[in-house]
Amino acid sequence: MTDATKPIVFDLDAEVRPASEIKPPFVFTLKGREITMADPADMDWRDLAAIEEPSDLIEGALSYDDREFLADQELEAWRFNALMEAYYNHYDLEAAVRKAKRRASR
């Protein structure tokens, strides 16, 4: 319930993500299986806040079944690094991190 005497400063319910910021899904194949990794911008903010290193994105970016499948695979570090680099590049995450750090330092 809202208090009619308090002005609304920011209506989060009215916010819409600009179409120019929406990118197609990141899809890769492993052992013939097609796996989709979610856009971090679409993840729950609590999951993003809990990320301590790039590989932690796997937790939020993959469905439970795909995460289990990936965990069961023998995967060399260089291949995993190539996957994460391609994912970061697809969603331009380096630029997003730099932008967030600039905002935080103001």
Side-chain angles (χ1 to χ4, degrees):
M1 178 150 70
T2 59
D3 183 345
T5 61
K6 292 183 181 179
I8 295 175
V9 177
F10 181 74
D11 184 0
L12 188 54
D13 293 327
E15 285 297 300
V16 177
R17 189 172 176 200
S20 63
E21 292 181 9
I22 299 172
K23 296 189 178 189
F26 178 81
V27 181
F28 69 97
T29 57
L30 178 62
K31 305 229 170 135
R33 181 175 175 144
E34 198 171 275
I35 300 171
T36 301
M37 293 179 74
D39 184 340
D42 293 329
M43 291 180 200
D44 188 289
W45 68 271
R46 292 167 287 223
D47 293 336
L48 287 177
I51 292 173
E52 294 184 17
E53 56 187 70
S55 61
D56 290 343
L57 275 174
I58 294 295
E59 187 72 24
L62 296 175
S63 69
Y64 176 80
D65 289 341
D66 285 341
R67 195 168 51 246
E68 290 292 308
F69 173 79
L70 186 60
D72 289 341
Q73 304 306 308
E74 296 278 333
L75 190 62
E76 302 91 340
W78 69 266
R79 252 182 235 266
F80 182 79
N81 289 339
L83 169 64
M84 294 309 293
E85 183 176 344
Y87 177 67
Y88 265 58
N89 288 339
H90 180 76
Y91 289 115
D92 201 13
L93 296 180
E94 295 294 335
V97 168
R98 282 192 304 274
K99 185 177 177 181
K101 285 182 180 178
R102 278 196 308 270
R103 283 185 188 159
S105 66
R106 289 184 198 170

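If you're wondering where the values come from, they're calculated on a predicted model, not measured in any experiment.
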S.K.: So which heavy atom on Tyr87 is nearest to which on Ala38, and how close?
M.R.: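 Nearest heavy atoms, Tyr87 then Ala38: OH-O, 2.6 Å.
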S.K.: Would Leu57 and Leu48 satisfy side chain to side chain contact (heavy atoms under 4.5 Å, CB included), going step by step from the backbone distance to the final call?
M.R.: CA-CA 8 Å; Leu57 275 174; Leu48 287 177; 4.1 Å; yes
S.K.: With a 6.0 Å cut-off (strictly less than), is the heavy-atom count around CD of Glu85, excluding the residue itself, greater than 12?
M.R.: no
S.K.: Kindly compute the distance separating CZ (Phe69) from CG (Leu30), expressed to the nearest 0.5 Å.
M.R.: 5.0 Å
S.K.: Nearest 0.5 angstrom please: Met37 CE to Met84 CE, how far?
M.R.: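 Met37 atom CE to Met84 atom CE measures 5.0 Å (nearest 0.5 Å).
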S.K.: Surrounding OH of Tyr64 (heavy atoms of other residues, nucleotides or ligands, distance under 6.0 Å), is the total greater than 12?
M.R.: no
S.K.: Grab the two heavy atoms, one from Ala50 and one from Asp56, that are nearest each other, plus how far apart they are.
M.R.: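 Nearest heavy atoms, Ala50 then Asp56: O-OD2, 4.4 Å.
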S.K.: Taking the side chain as every heavy atom from C-beta outward, state whether Phe26 and Leu83 have any pair of such atoms under 4.5 Å apart.
M.R.: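 When only atoms from C-beta onward are counted, Leu83 and Phe26 do touch, with a gap below 4.5 Å.
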S.K.: Kindly write out the residues that satisfy side-chain hydrogen bond (donor to acceptor under 3.5 Å, both in side chains) with Asp42, not counting sequence neighbours, or none if the list is empty.
M.R.: Arg17
S.K.: To the closest 0.5 Å, what do you measure between CD1 (Ile58) and CZ (Phe80)?
M.R.: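 If I round to the nearest 0.5 Å, the distance is 4.5 Å.
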S.K.: Per the salt bridge (Lys or Arg N to Asp or Glu O under 4.0 Å) rule, what does the pair list look like for residues 20-35, sequence neighbours excluded?
M.R.: Arg33-Asp66
S.K.: Does His90 reach the main-chain N or O of Asp39 with its side chain, forming a donor-acceptor pair under 3.5 Å?
M.R.: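 Looks like no, no N/O pair under 3.5 Å.
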